[in-house]
Engineer: 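Right, I'll just put the structure down here and ask away after.
Everything numeric in this text was worked out from a predicted model, so none of it was measured.
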Amino acid sequence: MKADDLLNIIGEADDKYIDSAKQKASPGWRRWIATAAAILAVIILLPSLFSFLFGPRSGAGSSGDLSYMIYRGPILPMSIQGNADGISARRNVNFDFSSQNRESLITDTYTLTNESGEDKTMTLLYPYSGGLNDPVPEIAVNGAAVEISCHPGPYRFGYQGAYGSKNPDAGSIMPNHPEQFEDYADLLADTAYMEAALDELPSLDQTAYVYRLSNYVYSGVENPMVGMEFYADPTKTQVFNYGMNGFSHDSETGFWGLYNSGIRPSSVEDHPEDSYVIILGEDLKDYTLQGYRNGMSGLWEQGHESPNVSCTVTRYETTLAALFSELGLISEQNDPERNEMILGLTAELLQTYGALSDQPAERLDTCDLNELLSEVYTVQRVSYLSFSVTIPAGASITVEAVQVKQASQDATGPGKDRDGYDLATRLGSSLHFTEQSASISGYENIKIVDQNFGFKPGRGITEVTLDLNEPHYWLVVRQK
């Protein structure tokens, strides 16, 4: 089945079957239908899966097409924080394909020379693209490992609609994953992004009004479900949850319903953890705790309210940061510094695209805390590794950054077996380069499909000099 055919089927389901269901549903429950359609769209069209299935059709590297369904970003050049006067740089990037996997071991080597008449102590910045879960480059200076600090940049690619359109009018329920080099070229066109990465992260100290649902009780009910229902002014109140698996929202009336259909009594050994409704801004004036029978099979039907399903609701005040810790969501192997960084990136995402921004993306306007944290880890960004070096007057040092780089790929079309890699020569860097080169090893495991490097392993050309006026080099290979 073609991706376009699947989109047509989804479209037919939206137009035909959902409309039919609306006609059968009573007015009070029609909001569930719209919510179900939205949730279904998010489930079906998860950002990475959607990009994987419905990305560029022509195939990476074919006929010069350098867009990818999954684009890993370019290898970026090192930079200096502050004044780079008197420092010249030579660079070589080696692509090693010895692993025979759809990845390359990248060794990015710099020779920095101090051409001034005095010793220079400076902070170097090595940038790399990807998510927080991607491998971090290893840095060595003159062959020895150095102490580094990591500064992840903010997510800046925005959100898009369910059908992949980057038109803001199409909605904002999916991250805009970068697809090509130009996306990063725009991101790093000036120093603003790097400065934002190096800035102090915001705190997650906002007051949260927490309603914990626990001690579930029910009798004589099949598939019990419990819900917390209330009205809230959307301009004054933001709603999050943890542990709920369904919600209903009417933006016109301000109605909210958050539901848990996986409840078990506390006497059951594998009973689920407590669930939470989290309020930011103006607290609730009132709420209703409502039990339902046949919660799983009768989710869209009216008249399934049941007085035989209930739970205990405990209200307390805390901060978002303390709540993340309480729920065990921040536990980076007992690394307090990294935990603090994750909390700061969460606050940053909320302030940029989430409930704490003026125009939140639909995906983050209301969500489970687990989903929010997952977003922080997986969205694409540029991170900077900072470290200090001293170069004596007239001397040189060697800096080496080694990383495993996953290939940029397509999943369908003629390019689905092709792996893409690319690099930027000067993008975002303040270094004065006098020379750059690239080399290739392990090439017996791959066949070069497209490139602008000029490698010709069959003729013994495995190292080339790069043109410093060419901002972007690319290499597309196929595994043998």
Side-chain angles (χ1 to χ4, degrees), residues 72-82 84 86-99 101 103-115 119-130 132 134-153 184 188 194 197-198 382-407 421-443 445 453 455 462-466 468 472-475:
R72 309 290 187 183
I75 303 161
L76 296 164
M78 188 168 64
S79 186
I80 290 181
Q81 184 178 5
I87 303 297
S88 64
R90 290 182 288 119
R91 179 193 191 194
N92 175 264
V93 181
N94 178 258
F95 298 84
D96 186 351
F97 296 100
S98 300
S99 72
N101 294 322
E103 64 185 26
S104 177
L105 179 66
I106 306 296
T107 302
D108 194 2
T109 305
Y110 299 79
T111 300
L112 303 181
T113 301
N114 181 1
E115 298 178 347
D119 296 352
K120 292 263 189 176
T121 297
M122 66 199 72
T123 298
L124 299 179
L125 300 171
Y126 189 78
Y128 66 99
S129 57
L132 296 182
D134 290 335
V136 178
E138 297 180 359
I139 306 293
V141 176
N142 291 335
V146 294
E147 184 177 347
I148 61 173
S149 297
C150 185
H151 306 273
Y184 283 92
L188 305 177
M194 181 182 69
L198 299 176
V382 174
S383 298
Y384 294 83
L385 302 179
S386 69
F387 52 100
S388 180
V389 298
T390 297
I391 310 178
S396 299
I397 65 168
T398 299
V399 178
E400 187 177 79
V402 180
Q403 63 177 307
V404 175
K405 187 75 172 178
Q406 298 293 320
Y421 305 89
D422 60 336
L423 67 82
T425 53
R426 304 184 313 277
L427 183 62
S429 177
S430 59
L431 279 172
H432 171 61
F433 287 101
T434 59
E435 178 186 318
Q436 290 196 35
S437 60
S439 56
I440 187 172
S441 55
Y443 46 81
N445 298 316
F453 282 93
F455 294 127
T462 58
E463 182 165 3
V464 295
T465 299
L466 304 182
L468 295 179
H472 181 216
Y473 280 86
W474 69 87
L475 175 67

Engineer: Out of curiosity, Tyr126 OH to Ile139 CD1, how far, rounded to the nearest 0.5 Å?
Structural biologist: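 One finds 6.5 Å between OH of Tyr126 and CD1 of Ile139.
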Engineer: Under a 4.5 Å cut-off applied to non-hydrogen side-chain atoms, are Phe433 and Thr425 in contact?
Structural biologist: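 No, their side chains stay 4.5 Å or more apart.
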Engineer: In Å and rounded to the nearest 0.5 Å, what is the CD to OG1 distance from Glu435 to Thr111?
Structural biologist: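 Spacing of CD (Glu435) from OG1 (Thr111) equals 9.0 Å.
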Engineer: Working to the nearest 0.5 angstrom, can you tell me the gap between Ile80 CD1 and Ser386 OG?
Structural biologist: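 With rounding to 0.5 Å, CD1 (Ile80) is 13.5 Å from OG (Ser386).
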Engineer: Okay, side chain of Ser104, backbone of Asp96: is any donor-acceptor separation there less than 3.5 Å?
Structural biologist: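 Such a contact is found between Ser104 side chain and Asp96 backbone.
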Engineer: Any luck finding a side-chain donor-acceptor pair between Thr390 and Thr121 under 3.5 Å?
Structural biologist: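 Thr390 vs Thr121: donor-acceptor pair found between side chains.
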Engineer: Going by atom types only, do Asn92 and Thr109 share a side-chain donor-acceptor pair under 3.5 Å?
Structural biologist: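 Per modelled atom types, Asn92 and Thr109 side chains form no pair under 3.5 Å.
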Engineer: Evaluate Leu188 against Leu76 for side-chain contact (heavy atoms from CB on, under 4.5 Å), listing each step before the verdict.
Structural biologist: CA-CA 10 Å; Leu188 305 177; Leu76 296 164; 4.0 Å; yes
Engineer: Are the side chains of Ile397 and Val141 in touch, meaning some heavy atoms are under 4.5 Å apart?
Structural biologist: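 Heavy-atom side-chain distance check passes, below 4.5 Å.
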Engineer: Over all heavy atoms of both residues, which pair between Pro392 and Asp119 is shortest? Give the atoms and the distance, please.
Structural biologist: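 Distance-wise, the nearest heavy atoms are CA-OD1, 3.3 Å.
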Engineer: Of all heavy-atom pairs between Lys405 and Tyr421, which one has the smallest distance, and what is that distance?
Structural biologist: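 Reported closest heavy-atom pair: O-CE2, 3.6 Å.
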Engineer: Please answer whether the main-chain N or O of Ile87 pairs with a side-chain N or O of Asn114 as donor and acceptor at a distance below 3.5 Å.
Structural biologist: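 Between the backbone of Ile87 and the side chain of Asn114 there is no qualifying donor-acceptor contact (under 3.5 Å).
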Engineer: Any heavy-atom pair between the side chains of Cys150 and Val136 that's under 4.5 Å?
Structural biologist: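 No - every pair of side-chain heavy atoms lies 4.5 Å or more apart.
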Engineer: Do Ile391 and Met122 come within less than 4.5 Å of each other through their side chains, counting heavy atoms only?
Structural biologist: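 Result yes, sub-4.5 Å side-chain heavy-atom pair found.
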Engineer: Does Leu431 offer a backbone N or O that forms a donor-acceptor pair with the side chain of Ser429 under 3.5 Å?
Structural biologist: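 Answer holds: yes.
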Engineer: Give me the atom names and distance for the closest heavy-atom approach of Gln406 to Glu103.
Structural biologist: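 For Gln406 versus Glu103, the nearest heavy atoms are NE2-OE1, 3.1 Å.
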Engineer: Heavy-atom count around Arg90 CZ within 6.0 Å, excluding the residue itself: above 12?
Structural biologist: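 No, because the 6.0 Å sphere around CZ of Arg90 holds 12 heavy atoms or fewer from other groups.
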Engineer: Can you tell me if Asn94 uses its side chain to pair, donor with acceptor, with the backbone of Thr107 under 3.5 Å?
Structural biologist: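 No, the answer is negative, given that no donor and acceptor are paired below the 3.5 Å cut-off.
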Engineer: So how far is it from Gln81 CD to Met194 CE, rounded to the nearest 0.5 Å?
Structural biologist: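 Answer for the CD-CE pair, Gln81 versus Met194, is 7.0 Å.
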Engineer: Counting N and O atoms only, with roles assigned by atom type, does the side chain of Asp422 sit under 3.5 Å from a partner on the main chain of Tyr473, one being a donor and the other an acceptor?
Structural biologist: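 Flag not set: sc Asp422 to bb Tyr473 has no pair under 3.5 Å.
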Engineer: Tell me the closest heavy-atom pair linking Ser88 and Glu115, and the distance in Å.
Structural biologist: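 Heavy atoms of Ser88 and Glu115 come nearest at OG-OE2, 2.9 Å.
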Engineer: Would you check if Pro77 and Tyr110 make a side-chain contact, meaning some heavy-atom pair closer than 4.5 Å?
Structural biologist: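 Contact flag for Pro77/Tyr110 side chains = yes.
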Engineer: Going by the angle between their ring planes, with limits at 30° and 60°, are Phe95 and Phe453 parallel, tilted or perpendicular?
Structural biologist: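 Ring orientation of Phe95 relative to Phe453: perpendicular.
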Engineer: Within this structure, what is the CG-CZ distance for the pair Leu125 and Phe387, rounded to the nearest 0.5 Å?
Structural biologist: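 Taking CG in Leu125 and CZ in Phe387, the distance rounds to 8.0 Å.
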Engineer: So which heavy atom on Ala438 is nearest to which on Phe455, and how close?
Structural biologist: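 Between these two residues, the closest heavy atoms are O-CE2, 3.5 Å.
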Engineer: How far does CG of Asp134 sit from CD of Gln403, to the nearest 0.5 angstrom?
Structural biologist: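 Output value for this atom pair is 9.5 Å.
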Engineer: Please check if atom CD in Glu463 has more than 12 non-hydrogen atoms from other residues, nucleotides or ligands closer than 6.0 Å.
Structural biologist: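 Count over threshold, so yes.
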Engineer: Under the criterion side-chain contact (heavy atoms from CB on, under 4.5 Å), I'd like the reasoning laid out for Leu124 against Leu112: C-alpha separation, chi angles, the key distance, then a yes or no.
Structural biologist: CA-CA 11 Å; Leu124 299 179; Leu112 303 181; 3.7 Å; yes
Engineer: Strictly distance-based, threshold 3.5 Å: is any side-chain N or O of Ser430 a donor or acceptor partner for the main-chain N or O of Ser79?
Structural biologist: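 Between the backbone of Ser79 and the side chain of Ser430 there is no qualifying donor-acceptor contact (under 3.5 Å).
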